[in-house]
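Below: the structure, in structure tokens.
Just so you know, these numbers come straight off a predicted model, no measurement behind them.
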Amino acid sequence: MHTELIGKCDLLVENRKIIRETMKWESDLMALAGSSYYVGLGIEVDAGKLRKCHEILKDKAGILSDYRGNVKMPLICRMAVAEDPEKYFDAISTVVDAMKDLKWIDKEYKIMAAITIYDHTDGEDHRHVIEKMADLYKGMKEDHPWLTSGQDVPFAAMLAVSDVDTRALLRDMENCYQILKEYFFDKNAVQSLSHVLAMDEGNTEAKCDKLKRIWDLLKEKKHKYGTGYELAVLGSLCLLDIPAEEIVEEMIGADGYLKEHKGFGNLSLGKKSRLMYAGLMVMDAHIPPASGDRDNMLADMHAITMAAEITMLLIVSSIVVISESN
């Protein structure tokens, strides 16, 4: 393992410890997702700011508010790194309010989408991005009426902040889905994977071939990768401009390194989840930390598809789905 990757793994371990001690009520899944978000920024969690932002959120939103539901953790994490946490919360609320006519989107998904839209677009008028998001979602729904649900709205938002044409995005998503649907059993996971792969304008077949190559190599080396929501994270690794063999080697090294730390063992985290986080650390080790400069983010597709952001999105979405089914 190279020094940069070891540093990312150490930062993940430390951030998880801080969040678990600071926000004891949060699930380990959410704590890890928040930890990886901070790794993507290249910083250690500030426990004091996290507590302060939790108090701000309680003042701003009632106890039954959707802002204090499943999206609380990602929202607090982003507030804690904002220059003005209260102003950040108000800005997200404004974007959510701009979606009031989209009554078919649940509030929690609107909040998740609003975070992505605000973080990755410039200016105060977000209506054009919201319209593009709605068009992308409708296109997804037309292609896959049974698979597409509110869980896909935040992905539509992430795609909408790019400069790529809506039709081109939908075409690439569908082409990726058709190539990969016979390769993996979970079609919902394949659809999420196709969303991530579409964020890169590269050749569709090449992206899919690289994804399959990484998955096959991991399996050959006795590190079988998950085929659920974890797949989308693997998709983000395909966007790195390094060979599949190198990605796999680094993932296995990071996986073994994390396994030696408390909270990352087979019983506490599980092999598949740990391997996913190992992949996240590889991703973070090869892309520059997010600076918060929106112009730079829009100019660099990799910044938009930060692995930590994708993971936070996936985990929150999966938790919302579980909550809705209960």
Side-chain angles (χ1 to χ4, degrees), residues 1-20 28-29 31-45 77 81 196-197 199-200 207 210-211 213-226 229-266 268-291 296-297 300-315:
M1 285 175 64
H2 53 81
T3 304
E4 184 69 19
L5 183 52
I6 291 173
K8 296 296 182 182
C9 291
D10 287 341
L11 188 55
L12 178 69
V13 172
E14 183 61 23
N15 282 341
R16 175 192 173 277
K17 178 184 176 183
I18 296 171
I19 292 180
R20 291 298 290 156
D28 205 37
L29 270 178
L32 268 169
S35 302
S36 66
Y37 172 71
Y38 279 95
V39 175
L41 297 176
I43 59 176
E44 185 175 292
V45 176
C77 285
V81 298
V196 174
L197 291 174
M199 293 175 191
D200 180 14
K207 289 184 291 187
K210 187 172 183 179
L211 182 283
R213 177 65 176 159
I214 294 172
W215 198 86
D216 286 340
L217 282 171
L218 286 168
K219 185 177 179 181
E220 288 174 14
K221 295 179 181 294
K222 311 300 182 185
H223 283 72
K224 188 174 181 181
Y225 194 85
Y229 71 87
E230 308 97 336
L231 274 180
V233 175
L234 203 63
S236 70
L237 284 162
C238 292
L239 309 184
L240 292 176
D241 190 22
I242 57 177
E245 291 76 11
E246 185 177 338
I247 292 173
V248 169
E249 181 181 351
E250 292 191 9
M251 283 180 69
I252 292 174
D255 178 68
Y257 187 79
L258 288 173
K259 185 179 179 180
E260 300 304 316
H261 291 79
K262 183 179 179 180
F264 290 86
N266 292 346
S268 52
L269 182 58
K271 293 181 180 180
K272 290 181 180 179
S273 292
R274 187 180 61 242
L275 188 57
M276 180 187 75
Y277 277 98
L280 289 173
M281 297 306 99
V282 172
M283 185 75 174
D284 284 327
H286 286 277
I287 60 174
S291 64
N296 287 340
M297 285 183 176
D300 186 349
M301 238 354 160
H302 284 169
I304 294 175
T305 58
M306 273 181 56
E309 236 175 83
I310 293 171
T311 308
M312 182 81 85
L313 176 65
L314 286 161
I315 290 174

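Interatomic distance, Met199 CE to Lys207 NZ, rounded to the nearest 0.5 Å: 10.5 Å. To the nearest 0.5 Å, the span separating SG on Cys77 from CD1 on Ile19 amounts to 5.0 Å. How far CD1 of Ile252 is from NE2 of His223: 5.0 Å, rounded to the nearest 0.5 Å. Here the straight-line distance linking atom CG of Leu234 with atom CE of Met251 works out to 5.5 Å at 0.5 Å rounding.
Identified under the salt bridge (charged side-chain N to carboxylate O under 4.0 Å, His left out) test for residues 272-281, with sequence neighbours left out: Asp255-Arg274. For residues 230-262, the set of pairs meeting the ring-ring contact (aromatic ring centres under 6.0 Å, His included) definition, not counting sequence neighbours, comprises Tyr257-His261.
The minimum heavy-atom distance between Leu258 and Tyr277, with the atom names listed, is CD1-C, 4.4 Å. Between Tyr225 and Trp215, the shortest heavy-atom contact is O-NE1, 3.3 Å. Closest non-hydrogen pair, Ala244 versus Ile214, comes out as CB-CG1, 3.6 Å. The nearest pair of heavy atoms linking Leu269 to Gly263 is CB-O, 3.6 Å. Here the closest heavy-atom approach between residue Cys238 and residue Leu197 is recorded as CB-CD2, 4.2 Å.
At a threshold of 4.5 Å between non-hydrogen side-chain atoms, the residues Leu211 and Leu237 do not count as touching. Residues Val233 and Glu230 have side chains not in contact (no heavy-atom distance under 4.5 Å, counting atoms from C-beta outward).
Without hydrogens or angle criteria, Lys210 side chain to Leu240 main chain gives a donor-acceptor distance under 3.5 Å.
Residues forming a salt bridge (charged side-chain N to carboxylate O under 4.0 Å, His left out) with Asp216 (at least two apart in sequence, or on another chain): none. Partners of Glu44 under the side-chain contact (heavy atoms from CB on, under 4.5 Å) rule, at least two apart in sequence or in another chain, are Leu11, Glu14, Asn15, Ile18. Judged as a side-chain contact (heavy atoms from CB on, under 4.5 Å), and not counting sequence neighbours, the contacts of Leu5 are Met1, His2, Cys9, Glu250, Ala254, Met281, Val282, Ala285. Applying the salt bridge (charged side-chain N to carboxylate O under 4.0 Å, His left out) rule to Glu4 yields the partners Lys8; only residues at least two apart in sequence or on another chain are considered. Not counting sequence neighbours, the partners of Ile43 by the side-chain contact (heavy atoms from CB on, under 4.5 Å) test are Tyr38, Leu41, Val81. In this structure, the side chain to side chain donor-acceptor pair (under 3.5 Å) partners of Glu245, at least two apart in sequence or on a different chain, are Arg213.
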